[in-house]
Amino acid sequence: MIMRPQADGARTTGRVSTAVGLGNSDPDRARRFRDAALPHLDAIYTLARYLMRNEADADDAVQECYLRALRHFDTLQNPDIKPWLFAILRNVCRAQYGERSGVVLYGAAEGSEIPEGTAPLWSEAGDSPETEALRKLDAEPIRRLIAALPDLFREAIVLREINDLSYREIAEVTGAPVGTVMSRLARARSMLRTAWLATEGQPI
């Protein structure tokens, strides 16, 4: 897994914890929410930081994500809260902060997609040679290359390689078919490899 960018975890955790506790008339419900949701705060912040490209906007987006999640916590059917939180964050980044920060998580030209039912180019349990090579590189150059990817491909690679979601979990977060997720990941990995070769001039 590619290393996550460093964040001020104490500050972000404190802001979110305070926010979800304010104005909530059911302390037990707030506690259950914090117990379920706060363990994923670092991963949620990581995606926000890559999508927003700005630390302050990422902080605001994460806080809004957790406030929305708390409001709708009782509607959660799946016990796995992590993909649900990612989906809420994605909507926050797109709808509320997208215009300000240039986040477009739709409408990008993706080229040909992989249809549903197509045999995968790599298995869920394994990794492509490009992925294995990228994981061996220094974290900071890779983070810069990921940050430069187009929105949809940057989102896919962060969810898969940094936050370690499965293809189906990414499909749940993004609302895209699994085949589309695989297509985006294939293109994102190819873009990263090409960018690395262009900047470093050496094979990976």
Side-chain angles (χ1 to χ4, degrees), residues 1-7 42-54 57-58 61 82-83 85-87 89-94 97-98 101-204:
M1 191 189 309
I2 299 170
M3 292 180 63
R4 296 172 182 169
Q6 295 297 312
D42 182 53
I44 299 300
Y45 179 85
T46 295
L47 179 60
R49 186 67 181 83
Y50 273 108
L51 292 181
M52 303 306 293
R53 305 174 191 258
N54 176 281
D57 287 344
K82 188 176 181 180
L85 289 171
F86 278 125
L89 175 73
R90 187 179 191 269
N91 288 335
V92 169
C93 290
R94 183 177 67 184
Y97 298 100
S101 300
V103 178
V104 177
L105 295 174
Y106 55 92
E110 296 187 67
S112 53
E113 302 285 6
I114 300 177
E116 281 293 313
T118 301
L121 298 176
W122 57 87
S123 65
E124 182 75 33
D127 289 306
S128 67
E130 289 84 359
T131 301
E132 288 297 328
L134 286 168
R135 288 175 179 175
K136 295 176 182 177
L137 301 176
D138 292 338
E140 186 56 37
I142 288 300
R143 285 200 292 265
R144 288 198 299 268
L145 294 178
I146 290 173
L149 289 174
D151 294 317
L152 287 172
F153 305 111
R154 183 172 69 253
E155 175 188 54
I157 207 77
V158 170
L159 289 171
R160 175 62 178 164
E161 303 297 352
I162 297 177
N163 288 319
D164 204 29
L165 268 64
S166 70
Y167 301 142
R168 294 205 174 275
E169 286 174 329
I170 297 172
E172 180 183 341
V173 169
T174 62
V178 172
T180 298
V181 169
M182 294 171 67
S183 175
R184 290 175 186 172
L185 284 167
R187 290 200 62 191
R189 288 163 173 155
S190 177
M191 289 176 186
L192 284 175
R193 186 179 190 279
T194 300
W196 177 262
L197 289 172
T199 56
E200 301 296 327
Q202 59 185 24
I204 62 174

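These numbers were taken from a predicted model, which means no experiment stands behind them. Numbering starts at 1 and runs along the sequence shown.
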task: Begin with the C-alpha distance, continue with both residues' side-chain angles, and end with the deciding distance and a verdict on side-chain contact (heavy atoms from CB on, under 4.5 Å) for T174 and T180.
output: CA-CA 10 Å; T174 62; T180 298; over 6 Å; no
task: In sequence, state the C-alpha distance, the side-chain angles, and the governing distance for I146 and E161, and then conclude on side-chain contact (heavy atoms from CB on, under 4.5 Å).
output: CA-CA 11 Å; I146 290 173; E161 303 297 352; over 6 Å; no
- request: Show your working on side-chain contact (heavy atoms from CB on, under 4.5 Å) between L89 and L85 and close with a plain yes or no.
  value: CA-CA 6 Å; L89 175 73; L85 289 171; over 6 Å; no
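In this structure, R53 contributes its side chain and A147 its backbone to a donor-acceptor pair below 3.5 Å. Put simply, the side chain of R154 gets close to the backbone of Y50: a donor and an acceptor are under 3.5 Å apart. Looking only at distances, no side-chain donor or acceptor of S190 sits under 3.5 Å from a matching main-chain atom of A186.
For the atom pair CZ of R189 and OG1 of T194, the computed distance is 14.0 Å after rounding to the nearest 0.5 Å. R160 contributes atom CZ, which lies 10.0 Å from atom CE of M182 (distance to the nearest 0.5 angstrom). The line from CG of L185 to CG of L152 is 11.5 Å long, rounded to the nearest 0.5 Å. To the nearest 0.5 Å, the span separating CG on D164 from CD on E169 amounts to 8.5 Å.
Scanning both residues, N54 and D57, for their nearest heavy atoms gives OD1-N, 2.8 Å. Contact record, A171 with A176: CB-O, 3.1 Å, taken as the closest heavy-atom pair. When all heavy atoms of V92 and A61 are compared, the pair lying nearest together is CG1-O, 3.8 Å. When every heavy atom of V178 is checked against every heavy atom of R168, the shortest pair comes out as CG2-NH1, 3.2 Å.
Tested against F86, the residues I170, N91, N163, V158 include a single side chain to side chain contact (heavy atoms under 4.5 Å, CB included) partner, N163.
Here the side chains of L165 and K82 are in contact, with some heavy-atom distance below 4.5 Å.
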